[in-house]
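Structure record follows, encoded as structure tokens.
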Amino acid sequence: MFKNITIYITFFLYVFNLSAQKLIQGKIVHKVKSETLALEGANVYWKNTNVGTITDESGDFNIYSSDKTNKLIISFLGFITDTLTISSDKKFVHFLTEDLTTNLDEVSLVDRKKSSKLSFTANQNLILVDQSELLKAACCNLSESFETNPSIDVNFSDAITGTKQINMLGLKSPYILISEENIPMIRGASQAFGLTFTPGTWVESIQVSKGTGSVINGFESIAGQINTELKKPFTDVPFFLNLFVSGNGRLELNSHFNRKLSSKWNTGLYVHLNQRNQKVNNNSDDFLDVPLTNQFNILNRYQYTDLTKGWVVFYNWRVLNDKKQTGQVSFDPNYDRNSSQIWGGEIDTKRFDSALKIGYVFPEYPYKSFGFQAAYSNHNQESYFGLRKYDINHKSFYTNLLFNSILNNTNNKFKSGLNLSVDSYDENIENTNYSRTDRNFGTFFEWNHADIEKLSWTAGVRLDFNNNIGAFITPRLHLRYAIDSSTILRISSGSGRKAANIFAENQSLFATNRKIFVDKGENPFYGLLPERAWNYGTSISRNFKFLNKNSTLVIDYYITDFINQVIVDYEKEGVVSFYNLDGNSSSKSFQVTFDVNISPQLELITSYKNDKVLIDYRDGRKQKQLVPENRFFFNLSWNSIKNVKNQQWKYDLTTNGVGSQRIVENSINPNFNQSPSFSLINTQLTRVFSSSSEIYIGIENIGNYTQKNPIIFENEPFNNKFDSSQVWAPIFGRMFYLGLRYKI
């Protein structure tokens, strides 16, 4: 398999080299007294063409050679424009000279560019996360990309698979619409492990929206929406390499290859390989602390850009093979599979997906555009946990047609369109088959009124026809009111629905010997009703000076009320029950976040969150198990000033304080029903040697805090009370990691 990958990459690089134009790289700087400073935002373009670029914050630029001219023009306001003759592709440094003949007063504005920031102009409560935020932690994949984000909670799902899950507004990820470039991605069969299938180096940016999202992306968003933007071949560097090694035996390689095929076509090949073959059992419970893994993941992207005619096209395909082995340290699948003597399991996932996006902007009317999206995926998982078998095949087809324009003026824009999706599920649970097909046709309309200085809103509604749910309407409303130039008030409301894929979303139950009971009904979703909820929220944000430092205070409060919910009931030992809500279920989430720039190089973010998630179980109303009511967050981020060689130090320190969590009763610890509070401290130091290379070293869980005896009845893994799902703290203790990034 790896031999085939090597052959493919070699062939791909050969084709690239045949068709690629030369890449011209340079750096634009200027002198201030005796100091050499980078010039950000300088214009760089080929003479008598419309092909150009601008320099980044380091003064660097990349531009492909032109077959029409070798004259490169460099210009910047307040400086003398220079014309360079380019005769080679060797990287160069060019000094611009200040134009002393101009009579402009100089104004210097110095501020730190935030890697994660709240949008003050968006109508939704939107947090923008750029690539530099993702580099603050190990961030091997998307599930680990939120360690430094106080709005997203990261937890382990169980003590067997080592999988991390995310929560928002007190609710698990199935209630969050997770999309990739605005195409729903982590859903259905991929809910349990799908976040680990997107490598962190592939991600360009993340947008986190609290509350119900836009009707354009579907009706499944209840707690919020997370959208990831992948790196684009047109703007990504020609070559990128990331090597990573961790103390728990994880080895990882990420490599990007981007080439320009013509003046309008660019392509990129993104390769991700990781493995862990080191058996770790630090707590001596005879079970692996982290599973053995082996994954290869390849993404191939094509981008067509014709800005003069208004066309942009993206096409990509991806293939993934992910294998995990877990269980007792002595487990050997070649001999012990289906054995009742040694407990172990394997999870083998093969996935293929592809997507096509076509966008057209009317050249004479830039506010008017068409968009078309189409995506297909085939997700096949074969797995067993001890003597339990779970297989699922999920085929998904999704299309979206959009039209954007204005109502009378550009302050009133609208988006309308049609959506068609088909999802086919085929599951085998302990030799019992469950199959169904969901077909959905929807139409939507969203009106966006923009008034930055006063009241603005986004109001949307969609009508859907679903073969298993019927016809229904989904309304969404987001209001933004500027109390003054520094204070923003937001209010949102909307509904959401989803089909509960009870086994795919709760695979940690298979790492137990609990008996499974499902209330049978007439509905196609395992006999259970589809889930439905309303979400209401308000947020106030204010920029101000604190001790003469630029600061931001954000206060959020959101309520999610379920009309119907599929209850996952672990309250009785040895049993897990699924049934429809009979009573009330709600999540009330309060969060206050304070952000202060102590200096242009030093930023501090602190946050407190309170999640009250109360559910009417059959034996009474309780806080949802394993959901901490209180959380604290602290992040200190420092960057040194870059010198002319782009050399720099970066340091991050993050503390997550996790409050007490309710634990369901068990016969091993009958009086243990609340976990203790604890804190996790992570840190990372990065040395940037140049614009091309850097190394980073980090420590996760500095205090080496772990949950003692995370597996119930670990000495009797075939006992019906064996349970590895009651995890409230890390299993693996202190972990060191080291990485290298290189790009050209």
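Any value given below was found using the heavy atoms of this structure, including those in side chains, with hydrogens, waters and symmetry copies removed.
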- Report yes or no: do Gln165 and Ser173 form a side-chain donor-acceptor pair below 3.5 Å? no
- Cation over ring face, Lys498 and Tyr175, 6.0 Å, 45°: yes
- Message: Using the ring centroid of each side chain, check whether Phe472 and Phe465 are separated by less than 6.0 Å.
- Response: no
- Answer yes or no for Lys389 and Tyr384: cation-pi contact, defined as NZ/CZ to six-membered ring centre under 6.0 Å and angle to ring axis within 45°. no
- Message: Determine whether Tyr376 and Val422 satisfy the following criterion, side chain to side chain contact (heavy atoms under 4.5 Å, CB included), listing intermediate values before the conclusion.
- Response: CA-CA 10 Å; Tyr376 169 79; Val422 180; over 6 Å; no
- Message: Run the side-chain hydrogen bond (donor to acceptor under 3.5 Å, both in side chains) test on Asn506 and Asn501 for me, step by step, so that the C-alpha distance in whole Å, both residues' side-chain angles and the decisive distance to 0.1 Å come before the verdict.
- Response: CA-CA 8 Å; Asn506 298 280; Asn501 295 292; over 6 Å; no
- With a 3.5 Å cut-off and no angle check, do the side chains of Asn300 and Trp317 form a donor-acceptor pair? yes
- Residues Thr512 and Asp723: side-chain donor-acceptor under 3.5 angstrom: no
- Item | Side chain proximity check, Ser435 to Tyr425, heavy atoms < 4.5 angstrom | no
- side chain to side chain contact (heavy atoms under 4.5 Å, CB included) between Ile711 and Ile160, intermediate numbers included: CA-CA 9 Å; Ile711 302 178; Ile160 293 294; 4.1 Å; yes
- Message: Are there over 12 heavy-atom neighbours, none belonging to Lys612, within less than 6.0 Å of that residue's NZ?
- Response: no
- Query: Between the side chains of Asn182 and Ser179, does any donor sit under 3.5 Å from an acceptor?
  - Reply: no
- Query: Is there a donor-acceptor pair closer than 3.5 Å between any side-chain N or O of Asn380 and the backbone N or O of Arg351?
  - Reply: no
- Item | Aromatic ring proximity Trp343/Phe385, centre distance under 6.0 Å | no
- Message: Is any side-chain heavy atom of Asn217 closer than 4.5 Å to one of Ser214?
- Response: yes
- Any chance you could measure Asn316, atom CG, to Gln303, atom CD, to the nearest 0.5 Å? 11.0 Å
- Message: So for atom NZ, which belongs to Lys415, do other residues, nucleotides or ligands contribute more than 12 heavy atoms lying within a distance under 6.0 Å?
- Response: no
- Message: Determine whether Thr196 and Asn141 satisfy the following criterion, side-chain hydrogen bond (donor to acceptor under 3.5 Å, both in side chains), listing intermediate values before the conclusion.
- Response: CA-CA 5 Å; Thr196 67; Asn141 54 61; 5.4 Å; no
- Item | Any side-chain heavy-atom pair of Ile502 and Leu528 under 4.5 Å | yes
- 4.5 Å side-chain heavy-atom contact, Asp348 and Asn321: yes
- Query: Just how far is it from atom CZ of Arg462 to atom OG of Ser495, taken to the nearest 0.5 Å?
  - Reply: 11.0 Å
- If we ignore angles and hydrogens, is there a donor and acceptor under 3.5 Å between the side chains of Ser396 and Asp423? yes
- Query: Does the side chain of Tyr390 come under 3.5 Å of the side chain of Gln507 through a donor N or O and an acceptor N or O?
  - Reply: no
- Identified side-chain contact (heavy atoms from CB on, under 4.5 Å) partner of Val461 from the options Val215, Ile473, Thr443: Ile473
- Does a donor on one side chain and an acceptor on the other come within less than 3.5 Å for Asp322 and Gln295? yes
- Task: Kindly say whether Asn584 contributes a backbone atom to a donor-acceptor pair with the side chain of Asp616 at under 3.5 angstrom?
- Result: yes
- Item | Check: Leu626 and Gln726 side chains under 4.5 Å, non-hydrogen atoms | yes
- Nearest 0.5 Å, what's the OG-CD1 distance between Ser151 and Ile166? 11.5 Å
- Task: For residues Asn274 and Arg250, determine if any side-chain heavy atom of one lies less than 4.5 Å from a side-chain heavy atom of the other.
- Result: yes
- Between the side chain of Arg476 and the main-chain N/O of Ala459, is any donor-acceptor distance below 3.5 Å? no
- Query: What do you reckon, is OH of Tyr304 surrounded by more than 12 foreign heavy atoms closer than 6.0 Å?
  - Reply: yes
- Query: Crowded around Lys164 NZ? As in, over 12 foreign heavy atoms under 6.0 Å?
  - Reply: yes
- Query: Below 4.5 Å, heavy atoms only, C-beta onward: do Val312 and Ile358 meet side chain to side chain?
  - Reply: no
- Do Asn564 and Arg497 have side-chain atoms, one donor and one acceptor, less than 3.5 Å apart? no
- Do Asn448 and Glu446 have a side chain donor and acceptor closer than 3.5 Å? no
- Message: Tell me whether Lys395 at atom NZ has more than 12 heavy atoms from other residues, nucleotides or ligands lying less than 6.0 Å away.
- Response: no
- Task: Decide whether Thr560 and Asn535 meet the rule of one side-chain donor and one side-chain acceptor closer than 3.5 Å.
- Result: yes
- What distance separates His272 NE2 from Leu299 CG, expressed to the nearest 0.5 Å? 12.0 Å
Listing, residues 515-527 side-chain donor-acceptor contacts under 3.5 Å, not counting sequence neighbours, or none:
{"residue": "Asp519", "atom": "OD2", "partner": "Arg618", "partner atom": "NH2", "Å": "2.3"}
{"residue": "Tyr526", "atom": "OH", "partner": "Glu427", "partner atom": "OE1", "Å": "2.4"}

- Are any side-chain N or O atoms of Asn513 and backbone N or O atoms of Pro717, one a donor and one an acceptor, separated by less than 3.5 Å? yes
List the atom pairs, with distances to 0.1 Å, where a side-chain N or O of residues 197-206 and a protein N or O form a donor-acceptor pair under 3.5 Å, not counting sequence neighbours.
{"residue": "Thr201", "atom": "OG1", "partner": "His256", "partner atom": "NE2", "Å": "3.2"}
{"residue": "Glu204", "atom": "OE1", "partner": "Lys232", "partner atom": "NZ", "Å": "3.3"}
{"residue": "Ser205", "atom": "OG", "partner": "Gln207", "partner atom": "NE2", "Å": "3.1"}

- Polar contact flag, side-chain donor to acceptor under 3.5 angstrom, Asn440-Asn467: no
- Are the side chain of Ser416 and the backbone N or O of Phe445 linked by a donor-acceptor pair below 3.5 Å? no
- Check: Tyr558/Asn125 side-chain N/O donor and acceptor closer than 3.5 Å: yes
- Query: Does the pair Thr349 and His379 meet the rule for a side chain to side chain contact (heavy atoms under 4.5 Å, CB included), with working shown?
  - Reply: CA-CA 7 Å; Thr349 304; His379 184 110; 3.6 Å; yes
- Message: When you compare the side chains of Glu147 and Asn149, does any donor N or O come within less than 3.5 Å of an acceptor on the partner?
- Response: no
- Are any of the side-chain heavy atoms of Val208 and Met168 separated by less than 4.5 Å? yes
- Under 6.0 Å between ring centres, would you say that holds for Tyr360 and Phe372? no
- Message: Taking the six-membered ring for Trp, are Phe370 and Phe403 closer than 6.0 Å centroid to centroid?
- Response: yes
- Message: What's the separation between atom CZ in Phe314 and atom OG1 in Thr305, rounded to the nearest 0.5 Å?
- Response: 6.0 Å
- Using a distance-only test with no angle check, is there a side-chain donor-acceptor pair under 3.5 angstrom linking Ser589 and Asp611? yes
- Message: If the threshold is 4.0 Å, N to carboxylate O, is there a salt bridge linking Lys323 and Glu382?
- Response: no
- Could you grab the distance from atom CG of Asp391 to atom OG of Ser383, nearest 0.5 Å is fine? 6.0 Å
- Query: Could you go step by step and tell me if Ile347 and Gln381 meet the side chain to side chain contact (heavy atoms under 4.5 Å, CB included) rule?
  - Reply: CA-CA 7 Å; Ile347 306 167; Gln381 175 186 323; 3.9 Å; yes
- Would you say the side chains of Asn428 and Asn433 form a donor-acceptor pair under 3.5 Å? yes
